[in-house]
Amino acid sequence: MLLSRLAGVSQEVAATSARSHKIALLAELFREAEPEDARIVIPYLAGRLPQGRLGVGWKVLSRPVPPAAEPALTVREVDALLGALGKVSGPGSQAERARLVGELMGAATEEEQRFLFGLITGEVRQGALDAVAVEGLARATEAPPDAVRRAVMLAGSLQTVAEALLSQGPEALERFRLTVGRPVLPMLAHSASSVAEAVEKLGACVVEEKLDGIRVQVHRDGDTVRVHTRTLDDITDRLPEVTRVARELPGERFILDGEVISFDADGRPRSFQETAGRVGSRVDVATVAREVPVSPVFFDALSVDGRDLLDLPFTERHAELARLVPEPMRVRRTVVSGPDDVATAETFLAETLERGHEGVVVKSLDAPYSAGRRGASWLKVKPVHTLDLVVLAAEWGHGRRTGKLSNLHLGARTADGGYAMLGKTFKGMTDKMLAWQTERLRELAVEENGYVVTVRPELVVEIAYDGLQRSTRYPAGVTLRFARVVRYREDKRPEEADTVETVLAAHPQVRP
DNA sequence: TTCCGACAGTGGGGTCGCAAT
DNA sequence: ATTGCGACCCCACTATCGGAA
């Protein structure tokens with residue numbers, strides 16, 4: 001198949017807003033693809049590269065290359081070139097990668113260049129990623145969409161399932177079963193604004209502490225242990241403690257779901273930054289493991305002794321977990337009988353926060369383990385802090401926010417009458433707010449430099465955030481975690497905004 | 001007809017590792 | 001040694017479509 005056909009469909013998909021039409025367009029192309037092309041075409045149209053990241057980014061791709069006049073590239077040629085690109089390493093590799101990119105781009109037409117750029121930078125922006133591609137694939141092969149989704153969850157990738165489906169038809173789906181050693185997509189939680197709201201939605205439920213660490217899926221098959229992240233990367237080698245723990249548990253074959261986190265000498269959780277830094281270290285793991293040891297804490301069991309537990313209610317999965325994993329290595333929890341018993345949940349949340357944790361996850365007692373779309377049976381609840389800050393500058397947006405001032409630079413007052421920037425946010429704005437702030441900030445503009453428009457510090461905005469963290473980037477030595485706009489405070493003058501001092505005082509455990 | 005779940009898009013900060021300067 | 005870049009961790013929120021109620 002020619003790359004130009006693919007790039008053309010991608011454009012068509014981007015041009016329509018109707019999901020049903022996107023699915024129809026994708027299905028048509030998938031039907032055309034030869035089985036050998038499917039391996040490439042499916043992920044490309046889902047906006048991903050089969051070989052993952054390449055070590056090539058926006059910087060290298062932005063160098064202009066004269067486009068080819070006529071489309072001639074096949075998807076298989078592109079795949080071969082990108083495969084070679086991903087393997088380049090060592091001294092001189094950046095130049096070699098740039099050369100290969102130039103070669104590829106020079107063989108592509110203008111439309112193909114645009115598509116390749118989006119594909120490699122991960123910004124396809126056609127309004128159709130995995131979920132829509134799954135629908136298209138189901139349509140093309142006449143397989144039930146739910147069965148395809150489940151197979152994708154079990155295979156951990158759309159690509160594997162697509163290849164099997166297109167070459168063997170719908171019967172191929174039955175071969176995708178839960179297998180110890182092969183990671184599956186993890187079940188995720190939605191958000192609720194209070195435990196009362198969460199318990200109201202779920203009825204009888206269990207409330208578990210939410211640890212601020214790294215999600216892990218641990219597979220043990222005899223002496224072999226593998227540890228995977230939320231995105232299914234294999235991080236076994238970085239976590240010798242987890243391997244040791246898994247080998248000592250009284251079971252030969254199992255899959256457990258949990259979190260790794262580092263505790264200090266007093267048993268209090270260290271900051272996310274400390275845990276993440278430790279887990280991210282690949283060099284001299286033995287040393288960092290002594291300095292910042294991590295502990296696995298489990299909350300679910302997907303498979304025990306060859307038994308697939310995915311479709312069992314949570315209560316039964318947890319019973320299996322409890323047989324296998326002793327108390328301190330399980331997440332603390334409490335059972336709540338229903339909305340009449342919210343007080344139990346609230347007390348548990350307060351205690352959990354007191355112990356230094358992030359919040360809680362409220363889970364339905366009878367829900368199966370599912371990464372598919374079965375509604376929200378896990379709901380996380382975290383405390384939200386708010387501040388009144390001053391807009392110091394704003395950045396022009398991209399994509400659907402082109403022409404709008406989007407990303408706000410947020411400042412708190414300092415003792416000397418100035419402002420210290422605490423971070424940025426683009427979250428929480430409605431289209432109406434976006435239009436309004438673009439107008440208003442333009443009036444206040446004093447300087448424009450590339451994407452950044454500096455303004456007179458007059459606009460006060462209420463910001464919600466999850467907590468403070470240390471920063472080397474910002475002048476106060478701290479920054480807001482997950483800042484988002486709540487509303488503009490036109491009733492407030494900048495002199496009434498919060499100060500750096502009050503921000504720091506609200507988070508005594510975080511020091512610059 | 002209205003409501004609501006699922007999805008895509010829009011980016012945030014931090015840390016690590018590697019190559020280039 | 002320091003800097004720049006890319007890969008991955010963590011993540012919130014809104015708009016929109018389309019099926020469920």
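Lettering of chains follows the sequences in order, A, B, ..., and the numbering in each one begins at 1. Computed from a predicted structure; not experimentally measured.
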Across the strands shown, which category fits K22(A) at heavy-atom distances under 4.0 angstrom: base, sugar-phosphate, nothing?
nothing
Without hydrogens or angle criteria, can the side chains of H409(A) and E395(A) be said to hold a donor-acceptor pair below 3.5 Å?
yes
Residues Y369(A) and D257(A): side-chain donor-acceptor under 3.5 angstrom
yes
Would you mind classifying the nucleic acid contact of T479(A) as base, sugar-phosphate or nothing, using non-hydrogen atoms under 4.0 angstrom?
sugar-phosphate
Result for side-chain contact (heavy atoms from CB on, under 4.5 Å) between I255(A) and one of H228(A), R182(A), Q217(A) points to Q217(A)
Test item: side-chain donor near acceptor, R401(A) and S406(A), under 3.5 Å
yes
Using a 4.0 Å heavy-atom cut-off, does V279(A) contact any base of the nucleic acid, only the sugar-phosphate backbone, or nothing at all?
nothing
Write out the stems for DNA chain B, ordered by first number and formatted as range with range, counting runs of at least 3 consecutive Watson-Crick or G-U wobble pairs under 3.5 Å.
B:1-6 with C:16-21, B:8-21 with C:1-14
Any N/O pairs under 3.5 Å between the protein and nucleotides 14-18 of chain C? List them or say none.
unit_1  : atom_1 : unit_2  : atom_2 : d
dA15(C) : OP1    : D431(A) : N      : 2.9
dC17(C) : OP1    : S17(A)  : OG     : 3.0
dC17(C) : O3'    : R19(A)  : N      : 3.2
dC17(C) : O2     : R19(A)  : NH2    : 3.1
dG18(C) : OP1    : R19(A)  : N      : 3.0
dG18(C) : OP1    : S20(A)  : N      : 2.6
dG18(C) : OP1    : S20(A)  : OG     : 2.7

Side-chain atoms of S93(A) come closest, of dG14(B), dG12(B), dA19(B), to dA19(B)
Mind checking L480(A) for me? I need base, sugar-phosphate or nothing, with any heavy atom below 4.0 Å counting as a touch.
nothing
Closest to the R230(A) side chain: dA19(B), dT10(B), dC10(C)?
dC10(C)
Classify the ring geometry of Y488(A) against W436(A): parallel below 30°, tilted from 30° to 60°, perpendicular beyond 60°.
tilted
Let me know, please, whether F426(A) or L54(A) comes out on the 5' side of the other along DNA chain C by nearest nucleotide.
L54(A)
Any base atoms under 4.0 Å from K210(A), or only sugar-phosphate, or nothing? Heavy atoms, all strands.
sugar-phosphate
With a non-hydrogen cut-off below 4.0 angstrom, is A276(A) in contact with a base, only sugar-phosphate, or nothing?
nothing
